[in-house]
Amino acid sequence: MTSCDVLIVGGGPAGSACARALRESGLDVLILDKKTFPRDKTCAGWITTAVVDVLDIDLDNYRRGRVLEPITGFCVGLMRGPEVETHYGKPISYGIRRCEFDHYLLERSGARLELGKSLKSMERVDGHWIINGAIKAALVVGAGGHFCPVARFLVAKPGRGELAVAAQEIEFEMDEQQLAQCPVPAGIPYIYFCEDLRGYGWYYRKGNYLNVGLGREDDEQLSSHVEAFCASLKERGKIPLSMPSTFRGHAYLLYIHAPRPLIADGVLLIGDAAGLAYPQSGEGIRPAIESGLIAARVIHAAAGDYARGRLEPYQARLTARLGKKFARSASDFLPFGLKRFVAAKLMASRWFSRHVIVDRWFLHAHEPALAGTNGDDPVAAQPSCHADRASA
Ligand SMILES: Cc1cc2nc3c(=O)[nH]c(=O)nc-3n(C[C@H](O)[C@H](O)[C@H](O)COP(=O)(O)OP(=O)(O)OC[C@H]3O[C@@H](n4cnc5c(N)ncnc54)[C@H](O)[C@@H]3O)c2cc1C
């Protein structure tokens with residue numbers, strides 16, 4: 001039997017960030033992941049500077065042998081509407097490849113690793129967890145993404161009553177012919193909101209890699225939306241005609257629509273397992289990492305007593321960071337035709353595109369990076385964004 005203080009199920013950004021902070025506070029941490037690393041993850045691979053700051057990533061070191069594309073502008077529009085380009089003249093985000101980024105974070109975490117092994121069973125014995133009949137842990141952190149088995153343990157029927165984002169993407173290295181065909185400048189994501197405003201499609205180039213995808217908060221006919229989007233990009237000469245056609249799909253929950261409980265006796269969920277992605281952009285890496293760091297702080301303070309009551313501050317701190325959930329927003333009550341009309345007008349506006357869509361929705365520029373895990377309380381000291389969620 002292997003023993004550890006904390007078992008983290010899932011070695012993605014949430015699990016690695018949590019593990020690193022727990023290791024720094026002196027705990028013995030084991031990460032269990034069903035995949036061996038490097039492994040890929042369905043994702044556009046776009047991170048904000050807040051992620052770089054909170055993880056203290058040395059960019060010069062990171063870019064050695066890995067793709068790191070500084071993003072200096074955005075181009076945004078409604079599908080079949082006008083496009084508005086915004087340039088910042090400096091990096092405001094970065095394009096990374098998840099196979100490289102997640103491997104880098106996992107190795108840096110300093111945790112013991114059990115890779116290529118899935119969580120199969122989880123039993124409570126004398127106040128401890130026995131995992132797969134082989135690992136004994138005082139606390140289990142569920143960081144296994146949307147389909148996390150620890151979340152399944154907490155929620156009798158995950159998926160029921162959950163409105164998930166369903167998304168598909170493709171990422172491939174362009175060959176010389178495709179590069180010649182493809183006029184996409186590196187470092188500018190192109191984002192097109194669906195006409196029914198239920199999601200958006202994107203394409204952007206990082207190094208010689210092109211990432212194309214589309215996500216919607218409904219999964220009806222997702223493949224048809226993706227096909228139509230790609231066909232229209234090809235028709236307009238935006239992406240190479242001769243590109244691979246096998247898209248990969250995945251689902252995840254936006255924070256405001258995630259009903260999952262976050263804690264139980266000796267259990268805590270972080271990242272996509274908890275359903276924390278930002279509502280307007282679908283960005284999930286930053287909230288995954290921040291939740292991992294906030295959880296680490298609460299676990300450290302619990303000093304070995306992981307009863308539900310001792311883990312409750314996690315829930316409160318996450319709400320302070322991400323805001324309260326509102327069942328309905330003001331715009332839900334507007335007729336669709338009016339919403340569509342207003343959206344078209346707003347998206348054609350340079351001011352709205354820069355200050356609301358890019359700065360607020362996509363960069364979360366109004367929310368400074370989470371403070372370090374070893375200093376003062378990382379959440380209490382920072383402003384909450386309740387008002388922002390309410391207006392959204
Ligand atoms: C198409 C698409 C595009 C996206 N683009 C972006 C983007 O550009 N920027 C952004 O910020 N967010 C993006 N997201 C969201 C982002 O990918 C997730 O929010 C983020 O990966 C969450 O990190 P995580 O660590 O919680 O989970 P994950 O990254 O999903 O990691 C979970 C880990 O758990 C492991 N695991 C799963 N099941 C088990 C099991 N049974 N036993 C053991 N291990 C298990 C998996 O192998 C995996 O390594 C996108 C999502 C999709 C679907």
Side-chain angles (χ1 to χ4, degrees), residues 7-19 30-48 50-52 69 71 93-99 101-103 105-106 109 113-122 131-132 135 140-153 164-171 189 191 199-204 206 211-217 219 222 226 247-255 258 269-278 281-292 295 362-364:
L7 175 74
I8 300 181
V9 179
S16 294
C18 185
L30 183 66
I31 295 180
L32 177 80
D33 199 295
K34 68 177 180 185
K35 298 269 179 70
T36 54
F37 282 58
R39 62 100 179 89
D40 217 347
K41 157 78 179 77
T42 306
C43 187
W46 158 75
I47 55 169
T48 46
V51 165
V52 174
E69 186 68 59
I71 292 173
S93 277
Y94 293 92
I96 48 91
R97 300 194 66 221
R98 287 295 298 272
C99 50
F101 184 70
D102 290 16
H103 192 210
L105 295 184
L106 187 69
S109 73
L113 306 177
E114 289 266 1
L115 303 180
K117 292 178 189 164
S118 194
L119 185 143
K120 299 262 192 251
S121 66
M122 192 171 154
I131 305 299
N132 293 351
I135 305 169
V140 172
V141 174
H146 183 64
F147 300 104
C148 179
V150 185
R152 286 209 297 272
F153 184 85
V165 170
Q168 290 186 1
E169 60 86 28
I170 190 166
E171 184 167 296
I191 290 168
Y200 66 86
W202 70 85
Y203 69 95
Y204 86 109
K206 37 190 167 180
N211 188 296
V212 185
L214 185 142
R216 290 173 55 81
E217 215 183 8
D219 56 2
L222 179 64
V226 174
F247 280 70
R248 302 177 309 169
H250 200 65
Y252 62 116
L253 290 169
L254 302 181
Y255 171 71
L269 299 181
I270 60 177
D272 274 9
L276 304 178
Y278 289 141
S281 64
E283 177 190 0
I285 297 174
R286 178 176 173 183
I289 288 167
E290 291 192 352
S291 66
F362 278 80
L363 300 180
H364 273 249

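We count ligands from 1, going down the list as the structure has it; atoms in each ligand are counted the same way. The residues of the chain are indexed from 1 along the displayed sequence. Note that these values count all heavy atoms, side chains included, but never hydrogens, waters or copies made by symmetry.
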| task | Verify, without hydrogens or angle tests, whether Y278 (side chain) and L363 (backbone) share a donor-acceptor contact under 3.5 angstrom. | result |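 Judged by distance alone, no pair lies under 3.5 Å.
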| So which heavy atom on I31 is nearest to which on S16, and how close? |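 That would be CD1-CA, 4.4 Å.
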| side chain to side chain contact (heavy atoms under 4.5 Å, CB included) evaluation trace for I8 with S109 | CA-CA 12 Å; I8 300 181; S109 73; over 6 Å; no
| query | In terms of side-chain geometry, is the basic nitrogen of E283 or R286 positioned less than 4.0 Å from the acidic oxygen of its partner? | reply |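 No, no charged N to carboxylate O under 4.0 Å.
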| said: Can you tell me which residue among R98, K206, K41, R248 is in a salt bridge (Lys or Arg N to Asp or Glu O under 4.0 Å) with E171? | reply: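 Single pass found, and it is K206.
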| Residues two or more places apart in sequence or in another chain: which of them pass ring-ring contact (aromatic ring centres under 6.0 Å, His included) with H103? |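 ring-ring contact (aromatic ring centres under 6.0 Å, His included) list for H103, sorted by chain: empty.
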Present, as a list of atom pairs with distances to 0.1 Å, all nitrogen or oxygen contacts under 3.5 Å between ligand 1 and the protein.
| from | atom 1 | to | atom 2 | distance (Å) |
| --- | --- | --- | --- | --- |
| ligand 1 | 5 (N) | A44 | N | 3.0 |
| ligand 1 | 8 (O) | G45 | N | 3.3 |
| ligand 1 | 8 (O) | W46 | N | 3.1 |
| ligand 1 | 9 (N) | W46 | O | 2.9 |
| ligand 1 | 11 (O) | G284 | N | 3.1 |
| ligand 1 | 11 (O) | I285 | N | 2.9 |
| ligand 1 | 12 (N) | G284 | N | 3.0 |
| ligand 1 | 17 (O) | K41 | NZ | 3.3 |
| ligand 1 | 17 (O) | R98 | NH1 | 3.1 |
| ligand 1 | 19 (O) | D272 | OD1 | 2.8 |
| ligand 1 | 19 (O) | D272 | OD2 | 3.2 |
| ligand 1 | 21 (O) | R98 | NH1 | 3.0 |
| ligand 1 | 21 (O) | R98 | NH2 | 2.9 |
| ligand 1 | 25 (O) | P13 | N | 3.2 |
| ligand 1 | 25 (O) | A14 | N | 3.0 |
| ligand 1 | 26 (O) | D272 | N | 2.9 |
| ligand 1 | 29 (O) | R98 | NH2 | 2.9 |
| ligand 1 | 41 (N) | S118 | OG | 3.1 |
| ligand 1 | 42 (N) | L119 | N | 3.0 |
| ligand 1 | 44 (N) | K34 | N | 3.0 |
| ligand 1 | 47 (O) | D33 | OD1 | 2.7 |
| ligand 1 | 49 (O) | D33 | OD1 | 3.4 |
| ligand 1 | 49 (O) | D33 | OD2 | 2.6 |
| ligand 1 | 49 (O) | R39 | NE | 2.9 |
| ligand 1 | 49 (O) | R39 | NH2 | 3.0 |

